[in-house]
Amino acid sequence: MLLSTGLIKPPLTGRNSKPRADGLTMVIDKGLPLEATDSWLKLNADFIDYIKLAFGTMMLYPQEILTAKIRLSQKYQIPIYPGGTFLEIALWEQKFDTCLENLKQLGFEWLEISDGTLTISPSERQNLIAKAIQAGFQVITEVGKKDTANQPHIAAIARLVLDDLAAGAKKVIIEARESGTGIGIYDQEGGIITEKVEVLREALPIDKIIWEAPLKKQQVELIKLFGPNVNLGNLAPTEVMALEALRRGLRNDTWKPLLKS
């Protein structure tokens, strides 16, 4: 239970508690040791909704440590899944079906399907989602390209999101990489391109979107735009509690605007 009785109330109200369908926080794990993961989850589990094992790092874990990390996440009822790059490489190597079988055996229950590096046709993408669901996985997808020079038009991103949701994806991530610059809805300095966000706001069910937002200024602006229960992703493990403070108005950035009302 969080410390609250008899003390201050969070200035920004309405924050959802777990289990929640929105207000999700997805963390990118780039190799956190098992012991550190354990202590980190003891402190932050209430604020974490997904853990992504970044890129293809899953292949670099000793199997016993990977299995223990999966079980530890499940102990705290937090879905954990490999980054989309892992399955893109599997597809490139023509091992997608085999990898689904192996991931199920390892204990994964969620998958991310993306085409951040590969070029995948819409029909093939829908087929991959269907295969993963048929194999018993819950699916998150990611839309957008990792190459700053090869960014799809925002209308194309919106169409792809709707197609993914129609195919059975539970949530769709808007790509921003771990840098948060020059990708998706962000300019080269990591600022939000308002026009792009507005296109997506008008076209999509926002509660189904996870905005990758690794930078604090991005998190602040998205909370201002959509409220404390906006879905945010690509958080560093050390930034989880800091984000939760933003969501609750326990930092200047989201508390100060309330003083004007």
Side-chain angles (χ1 to χ4, degrees), residues 24 26-32 49-74 78-148 150-152 156-178 183-184 208-210 212 231 233-234:
L24 307 176
M26 178 266 281
V27 177
I28 184 168
D29 178 348
K30 295 193 282 188
L32 198 63
D49 300 280
Y50 295 106
I51 299 171
K52 177 193 292 195
L53 300 178
F55 334 121
T57 55
M58 193 200 80
M59 293 299 298
L60 304 179
Y61 282 85
Q63 182 167 330
E64 64 274 15
I65 294 179
L66 176 62
T67 302
K69 182 171 275 198
I70 295 168
R71 289 175 179 167
L72 184 59
S73 299
Q74 291 170 342
I78 299 173
I80 185 170
Y81 61 90
T85 299
F86 171 79
L87 279 178
E88 287 190 53
I89 294 172
L91 184 64
W92 179 61
E93 294 183 351
Q94 300 183 351
K95 296 177 181 177
F96 185 86
D97 293 351
T98 301
C99 280
L100 291 187
E101 295 173 8
N102 290 340
L103 292 172
K104 180 63 74 172
Q105 291 172 4
L106 284 168
F108 285 107
E109 298 173 351
W110 288 73
L111 290 182
E112 179 186 302
I113 291 175
S114 66
D115 59 355
T117 302
L118 290 183
T119 298
I120 301 174
S121 70
S123 60
E124 184 177 12
R125 183 181 177 95
Q126 306 314 307
N127 182 51
L128 297 177
I129 295 171
K131 279 187 174 183
I133 293 172
Q134 187 174 12
F137 292 98
Q138 305 268 24
V139 175
I140 292 177
T141 63
E142 185 174 76
V143 299
K145 294 295 184 182
K146 297 183 183 299
D147 184 353
T148 57
N150 184 29
Q151 292 300 295
I157 288 178
R159 286 194 299 271
L160 196 55
V161 170
L162 292 173
D163 287 346
D164 285 0
L165 292 173
K170 298 299 184 183
K171 301 286 181 183
V172 181
I173 300 166
I174 306 298
E175 174 74 75
R177 306 200 72 179
E178 69 276 15
I183 302 286
K208 299 295 186 181
I209 303 303
I210 299 177
E212 288 192 339
N231 302 320
N234 269 23

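What you see is a predicted model, and the numbers here were worked out from it, not measured in a lab.
At distances below 3.5 Å, at least one donor-acceptor pair connects side-chain atoms of E88 with backbone N or O atoms of G116. Side chain of N231 to backbone of L24: a donor-acceptor contact under 3.5 angstrom is found. Looking only at distances, a side-chain donor or acceptor of K145 sits under 3.5 Å from a matching main-chain atom of D115. A side-chain donor-acceptor contact under 3.5 Å links Q151 to the backbone of G184.
More than 12 heavy atoms of other residues, nucleotides or ligands sit less than 6.0 Å from atom NZ of K104. In the displayed structure, Q63 atom CD is contacted under 6.0 Å by at most 12 heavy atoms of other residues, nucleotides or ligands. More than 12 heavy atoms of other residues, nucleotides or ligands shown are found within 6.0 angstrom of CD on E93.
No option in D29, L72, L32 other than D29 meets the side chain to side chain contact (heavy atoms under 4.5 Å, CB included) test with I51. Remark: of the listed residues L111, I113, L100, L100 is the sole one forming a side chain to side chain contact (heavy atoms under 4.5 Å, CB included) with K131.
A pairwise comparison of heavy atoms in C99 and L87 identifies CB-CD2, 4.2 Å as the closest pair. Closest heavy-atom contact between M58 and P82: SD-CG, 3.8 Å. V172 and L165 get closest at one heavy-atom pair: CG2-CD2, 3.8 Å. Minimum interatomic distance between L106 and T67 (heavy atoms only, all atoms of both residues): CD2-OG1, 4.1 Å. When all heavy atoms of I183 and A176 are compared, the pair lying nearest together is CG2-CA, 3.6 Å. Taking both residues in full, the closest heavy atoms of A167 and I129 are given as O-CG2, 3.7 Å, listed atom of the first, atom of the second, then distance.
In summary, E175 and K146 engage in a salt bridge, as defined by a charged side-chain N under 4.0 Å from a carboxylate O.
Contact check for L53 versus Y61: side-chain heavy atoms found under the 4.5 Å cut-off. In this structure, Q105 and N102 have side chains that are in contact, with non-hydrogen atoms separated by less than 4.5 Å. Taking 4.5 Å as the limit, every side-chain heavy atom of M26 sits out of range of all side-chain heavy atoms of K171. A heavy-atom distance below 4.5 Å is found between the side chains of F108 and L66. Here the side chains of I210 and Y50 are in contact, with some heavy-atom distance below 4.5 Å. Here the side chains of E178 and F55 are in contact, with some heavy-atom distance below 4.5 Å.
Residue L128 holds its CG atom at 9.0 Å from CD of Q126, rounded to the nearest 0.5 Å. Atom OG1 in T148 sits 8.5 Å away from atom CZ in R177 (nearest 0.5 Å). Here the straight-line distance linking atom CZ of R125 with atom CD1 of I120 works out to 7.0 Å at 0.5 Å rounding. Note that CG of L103 and CD1 of I70 are 8.0 Å apart. Values are rounded to the nearest 0.5 Å. I140 contributes atom CD1, which lies 5.5 Å from atom CD1 of I173 (distance to the nearest 0.5 angstrom). Put simply, CD on E109 and CD1 on I80 are 11.0 Å apart, with the number rounded to the nearest 0.5 Å.
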